[in-house]
Amino acid sequence: MRIGHGFDVHAFDEGDFITLGGVRIPYHRGLRAHSDGDVALHALCDALLGAIAEGDIGVHFPDTDPRWQGADSRIFLRQVAALVRDRDLGVANADLTVVAQSPRLRPFIDEMRNNIASDLQVEPSQVNVKATTTEGLGFSGRSEGIAAFAVVLLLGR
Ligand code: MG
């Protein structure tokens with residue numbers, strides 16, 4: 001059994017949508033990033049890579065590589081999930097927390113969960129996505145950016 005934790009932050013920037021958990025969410029700002037800025041999937045990739053002692057997302061998908069310019073982070077997640085399977089490990093469950101003062105994420109949670117389950121090749125019942133605010137405190141509370149945490153448990157197959 002292996003456990004992993006991931007954390008990521010992206011700042012808001014110009015734009016009219018953000019991408020979280022592979023879901024395009026209309027918003028009056030975007031997220032600054034080399035890739036699509038999907039902070040939830042980045043935290044999850046880091047949790048999975050942490051669990052298999054494979055460093056972090058920056059090692060595998062460096063932001064200096066033009067291949068990842070504007071990249072769909074679901075590509076990262078699928079590749080990381082393949083690394084997990086290569087080690088004869090399976091995802092028992094994944095738990096994500098997205099920290100955002102705005103926009104309201106509740107309407108998009110189920111779609112995020114389904115996307116993640118599909119990319120990990122597990123059932124949606126093995127994936128939880130939740131959103132919280134920081135009650136107006138800190139960078140998230142000032143709507144300067146979005147943070148995400150992820151925890152995963154892997155089991156030998
Ligand atoms: Mg990131």
Side-chain angles (χ1 to χ4, degrees), residues 2-85 91 93-106 108-122 127-134 137-154:
R2 310 278 300 202
I3 192 164
H5 170 258
F7 171 66
D8 195 28
V9 172
H10 281 270
F12 284 123
D13 205 346
E14 306 272 289
D16 57 8
F17 69 94
I18 60 174
T19 306
L20 285 179
V23 181
R24 186 183 171 111
I25 298 170
Y27 192 53
H28 65 279
R29 310 201 68 188
L31 287 171
R32 188 185 312 149
H34 185 70
S35 68
D36 64 4
D38 193 324
V39 65
L41 296 192
H42 295 178
L44 179 55
C45 285
D46 269 355
L48 292 161
L49 290 168
I52 59 172
E54 268 288 343
D56 61 42
I57 194 170
V59 171
H60 293 266
F61 310 101
D63 62 9
T64 48
D65 188 334
R67 262 186 307 170
W68 311 127
Q69 179 85 47
D72 177 352
S73 295
R74 293 186 70 183
I75 293 168
F76 303 161
L77 182 57
R78 289 185 200 122
Q79 288 196 27
V80 169
L83 290 179
V84 169
R85 284 193 301 277
V91 175
N93 75 301
D95 186 20
L96 285 77
T97 304
V98 180
V99 184
Q101 196 66 38
S102 60
R104 266 189 69 75
L105 300 177
R106 180 73 56 81
F108 307 101
I109 294 285
D110 282 344
E111 195 178 348
M112 291 186 211
R113 191 178 173 210
N114 289 333
N115 286 345
I116 291 166
S118 166
D119 291 343
L120 295 179
Q121 300 183 14
V122 301
V127 177
N128 192 63
V129 179
K130 52 204 179 309
T132 186
T133 71
T134 55
L137 299 174
F139 72 83
S140 169
R142 293 187 296 270
S143 290
E144 293 170 1
I146 295 184
F149 299 87
V151 176
V152 297
L153 182 69
L154 308 181

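Nothing fancy with the numbering, it's 1 onward along the sequence. All ligand and atom numbering here is 1-based and tracks the order in the structure.
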Checklist entry - What N, O or S atom of His10 is found closest to the Mg ion (ligand 1)? => result NE2
Next on the checklist: Restricting to salt bridge (charged side-chain N to carboxylate O under 4.0 Å, His left out), what partner residues turn up for Asp65, sequence neighbours left out?
Outcome noted: Arg67
Checklist entry - Is the Phe61 ring parallel, tilted or perpendicular to the Phe76 ring (thresholds 30°, 60°)? => result parallel
Next on the checklist: Under 2.8 Å from the Mg ion (ligand 1) - does any N, O or S atom of Asp8 fall there?
Outcome noted: yes
What pairs of donor and acceptor atoms, side-chain ones from residues 20-29 against any protein atom, are under 3.5 angstrom apart with sequence neighbours left out?
| residue | atom | partner | partner atom | Å |
| --- | --- | --- | --- | --- |
| Tyr27 | OH | Ser102 | OG | 2.5 |

Item to check | Minimum-distance N/O/S atom that His42 presents toward the Mg ion (ligand 1) | outcome: ND1
Checklist entry - What's the spacing between Ile146 CD1 and His10 NE2 if we round to 0.5 Å? => result 10.0 Å
